[in-house]
Amino acid sequence: MARRIDVTGTGGVRLAAWEFGDPPKTDPAQDGPGAGEGHGGRSGADGSPGVLLLHGLMGRASHWAPTARWLSGRYRAVALDQRGHGRSEKPPEGAFTRDAYVDDAEAALEQLGLAPVVLIGHAMGALTAWQLAARRPDLVRGLIICDMRASALGAASQREWAQWFASWPLPFATLADVRKWFGEDDPWVERPNPARGAFYAEVMAESPDGWRPVFEPEQMLRSRETWVYDAHWEELAQVRCPALVVRGLDGELGRAEAQEMVRVLPRGQYAEVADAGHLVHYDQPEAWRAAIEPFLDSLGDD
């Protein structure tokens, strides 16, 4: 059962954070004075180490639910609906800048009492994670980057996304139509991909005229334009904690760029998931867990 925790982001934006699993069982000997206050590197309210999971553009915290439940055996794992996404606030005139997203994640960490934390991010969430790790090394003890490029994507990429949003046949009559369009009919789909259809069905809500996204496409474009024109190698080089770069074999992050990211990271490691596209943790959840578990083990629980 998911448990919602309300936190406040920069500018007073209301954010929804979620715990999807039972908290890990702890040693009673650790429950004395100081437990849960960061002593010994333990950060959760119950004394367990913390993990913050950050979804990608258009995603939501629930996309991390299977990973969070798996992690909850040894961590306090919290997934955040970032501004403009999921159940978090979508202020019409709000800031959708890189600084706003990073500030939100920093505020969430501090309000949830998770630091020092392991940050796990997918796509845009991964960029937020490594920017926060570079800015506040005192809050982050480990970083997992899932299928996010450090290079600039350019103006053509932004135009393609605007055209793609315009092509969506909104509203969808049923969730089955959502799954079919995003899993089969979308011109960006090279071959049928049921996991992609399910991913997008999870970010739709029923309205009087049919099913529409829970986010505003215009806000997604505003969010995206704050990173697509810039490269982010310098911030990678500033990440001091151990970091794992994970890519899907058929994802958007190419092998050569991923390996260069590992080289630039002072303590970088590399993992690859076969038979996975951009939605690595959603396409191949078991292989995803197998890819990140050795890295988490290397960090230890303290």
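Along the sequence shown, residues are numbered consecutively beginning with 1.
No donor-acceptor pair under 3.5 Å is formed between the side chain of Gln269 and the backbone N or O of Val245. Side-chain atoms of Asp147 never come within 3.5 Å of backbone atoms of Arg247 as a donor-acceptor pair (strictly under, hydrogens ignored). Of the possible donor and acceptor atoms, one in the side chain of Arg76 sits under 3.5 Å from a partner among the backbone N and O of Leu112. When atom types are taken as modelled, the side chain of Arg83 and the backbone of Ala95 share a donor-acceptor pair closer than 3.5 angstrom.
Ring pair His122/Trp64 is perpendicular by interplanar angle, where above 60° counts as perpendicular and below 30° as parallel. Using bins of under 30°, 30° to 60° and over 60° for the plane-to-plane angle, the ring pair His55/His85 lands in the tilted bin. By the 30° and 60° cut-offs, the orientation of the rings of Trp18 relative to Phe20 is parallel. Between Trp188 and Trp164, the ring planes are parallel. Angles under 30° get that label, and only those over 60° would be called perpendicular.
Remark: Glu206 does not engage Arg212 in a salt bridge, criterion side-chain N to carboxylate O under 4.0 Å. Look at Arg149 and Glu252 and you find no salt bridge, because none of the NZ, NE, NH1 or NH2 atoms lies under 4.0 Å from a carboxylate O. A salt bridge does not link Glu235 with Arg98: none of the charged nitrogens is closer than 4.0 Å to a carboxylate oxygen. Using a cut-off of 4.0 Å between Lys/Arg side-chain N and Asp/Glu carboxylate O, Asp297 and Arg74 are scored as salt-bridged.
Two different hydrophobic clusters hold Phe182 and Val189 under the rule that ILVMFWY side chains link at heavy-atom gaps under 4.5 Å.
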Checking salt bridge (charged side-chain N to carboxylate O under 4.0 Å, His left out) for the pair Asp185/Lys180: CA distance, chi angles, key distance, verdict?
-> CA-CA 6 Å; Asp185 300 337; Lys180 185 176 187 301; 2.9 Å; yes

Glu110/Arg136 under salt bridge (charged side-chain N to carboxylate O under 4.0 Å, His left out): CA gap, chis, key distance, verdict: CA-CA 12 Å; Glu110 292 177 335; Arg136 291 293 307 272; 3.4 Å; yes

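Thr226 has its side chain out of reach of Phe96: every pair of non-hydrogen atoms, C-beta onward, lies at least 4.5 Å apart.
Screening His281, His63, His278 for a ring-ring contact (aromatic ring centres under 6.0 Å, His included) with Phe199, the sole residue that qualifies is His63.
Taken to the nearest 0.5 Å, the CG atom of Leu71 stands 5.5 Å off from the CD1 atom of Ile292.
Side-chain polar atoms of Ser88 and Gln82 form no donor-acceptor pair below 3.5 angstrom.
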